[in-house]
*Asks:* 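Structure provided below as structure tokens; questions to follow.
Because only heavy atoms are used, hydrogens play no part in the values below, and waters and symmetry mates are left out as well, while side chains stay in.
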Amino acid sequence: MGRPFLGFLIGILVAPALAALVAFSGHFPFQATAAPPRWERRIANLALDPAIERAASGVSCPIAATDENLIQGMKLYRENCVLCHGDRGKPSAWGRNNFYPPAPQLADRGSHDPVPVIYTVVKNGIRYTGMGGWKDQGPDDDLWRVALFLSRIKSLPPAVDSMWKAGTR
């Protein structure tokens, strides 16, 4: 056995052993309010995005982005999502500071994801984040309405935008 192979072997055995030692000795932070290390955020995001995109592949929105559907989506968002994801001009301090990872503040920035991806997240939730799945909480079309609204939050039709800005529930 050459030295490079021995170094490789030690590397693949020692790194996981050290990680297990830290994790199982109680030194791994558990608090949702603790800032995660950069490597942890990077690994989580590398795994999460492709998993959601894979789950959303082949899914298409069965309802149109009409003013009525967008208004319904806005109302559903305001009734169910603002506590964690914030309302227009009012980010959620709780959702930003007491979740790991922090809940994205969607009211002011919207989502850059396609409607089927947003729908998939709303329907199924995301494990280990506090984002629960809403699939059994009402009609499937309501989940699509929320996804449509979030996908267009930065470019709402005038009638919907005025209601959004007015804080209509």
*Asks:* Nearest 0.5 Å please: distance from the CG atom of L156 over to the CZ atom of F149.
*Replies:*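 Output value for this atom pair is 5.5 Å.
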*Asks:* Taking the side chain as every heavy atom from C-beta outward, state whether N69 and W144 have any atom pair closer than 4.5 Å.
*Replies:*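 When only atoms from C-beta onward are counted, W144 and N69 do not touch, as no gap falls below 4.5 Å.
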*Asks:* Report yes or no: do L48 and I43 belong to one cluster of Ile/Leu/Val/Met/Phe/Trp/Tyr joined by side chain heavy-atom distances under 4.5 Å?
*Replies:*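 No; I43 is not reachable from L48 via cluster members.
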*Asks:* With heavy-atom distances below 4.5 Å as the criterion, would you say the side chains of F99 and M131 are in contact?
*Replies:*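 Contact flag for F99/M131 side chains = no.
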*Asks:* Heavy-atom count around R109 CZ within 6.0 Å, excluding the residue itself: above 12?
*Replies:*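 Count over threshold, so yes.
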*Asks:* Taking G89's backbone N and O only, do any of them form a donor-acceptor pair with D108's side chain (distance below 3.5 Å, no angle check)?
*Replies:*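 Confirmed, D108 side chain pairs with G89 backbone.
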*Asks:* Would you say the side chain of M74 lies within less than 4.5 Å of the side chain of I153, judging by non-hydrogen atoms?
*Replies:*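 Side chain of I153 against side chain of M74, heavy atoms only: no contact under 4.5 Å found.
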*Asks:* State the CG-CZ distance between D140 and R145, to the nearest 0.5 angstrom.
*Replies:*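 Reported to 0.5 Å precision, the distance equals 10.0 Å.
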*Asks:* Is there side-chain contact between L143 and Q137, with heavy atoms separated by less than 4.5 Å?
*Replies:*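 L143 vs Q137: side chains apart.
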*Asks:* How long is the straight-line distance from OG of S111 back to CZ of R152, given to the nearest 0.5 Å?
*Replies:*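 One finds 12.0 Å between CZ of R152 and OG of S111.
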*Asks:* What distance separates K75 NZ from N80 CG, expressed to the nearest 0.5 Å?
*Replies:*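 Reported to 0.5 Å precision, the distance equals 13.5 Å.
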*Asks:* A side-chain contact here means heavy atoms from C-beta on lying under 4.5 Å apart; do V82 and R169 qualify?
*Replies:*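 With C-beta onward as the side chain, the pair touches.
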*Asks:* If every non-hydrogen atom of R54 is compared with every non-hydrogen atom of S57, which pair is closest and at what distance?
*Replies:*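 Between these two residues, the closest heavy atoms are O-OG, 2.9 Å.
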*Asks:* Working to the nearest 0.5 Å, report the span between CD1 of I63 and CG of D141.
*Replies:*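 The CD1 atom of I63 sits 5.0 Å away from the CG atom of D141.
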*Asks:* Nearest heavy-atom pair of C84 and A103: which atoms, and what distance?
*Replies:*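 The pair with the smallest heavy-atom distance is O-CB, 3.5 Å.
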*Asks:* With side chains defined as the heavy atoms from C-beta onward, is the minimum distance between L148 and C61 less than 4.5 Å?
*Replies:*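 Counting from C-beta outward, L148 and C61 do come under 4.5 Å.
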*Asks:* With under 30° as parallel and over 60° as perpendicular, where do the rings of H85 and Y77 fit, or are they tilted in between?
*Replies:*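 Geometry flag for Y77 against H85: tilted rings.
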*Asks:* Counting only heavy atoms from other residues, nucleotides and ligands, does the tally under 6.0 Å from CD of E68 exceed 12?
*Replies:*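 Counting other residues, nucleotides and ligands, CD of E68 stays at 12 neighbours or fewer.
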*Asks:* On a heavy-atom basis, which atom in I52 and which in T120 lie closest, and how many Å separate them?
*Replies:*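 Closest approach of I52 to T120: O-CG2, 4.4 Å.
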*Asks:* Look at the side-chain heavy atoms of Ile, Leu, Val, Met, Phe, Trp and Tyr, link any pair under 4.5 Å apart, and say whether L83 and I126 land in one connected group.
*Replies:*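 Different clusters: L83 never reaches I126 through Ile, Leu, Val, Met, Phe, Trp or Tyr contacts under 4.5 Å.
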*Asks:* Scan residues 86-98 for pairs that pass side-chain hydrogen bond (donor to acceptor under 3.5 Å, both in side chains), counting only residues two or more places apart or in two chains.
*Replies:*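 Found R78-D87.
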*Asks:* Does some side-chain heavy atom of V146 sit less than 4.5 Å from a side-chain heavy atom of W134?
*Replies:*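 W134 does not reach V146 side chain to side chain.
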*Asks:* Would you kindly confirm whether L70 and V117 end up in one hydrophobic cluster when ILVMFWY residues are joined by side chain heavy atoms under 4.5 Å apart?
*Replies:*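 Same cluster: L70 reaches V117 through Ile, Leu, Val, Met, Phe, Trp or Tyr contacts under 4.5 Å.
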*Asks:* Minimum heavy-atom separation for A56 and P116, please, with both atom names.
*Replies:*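 Looking at all heavy atoms of both residues, the shortest contact is CB-O, 3.7 Å.
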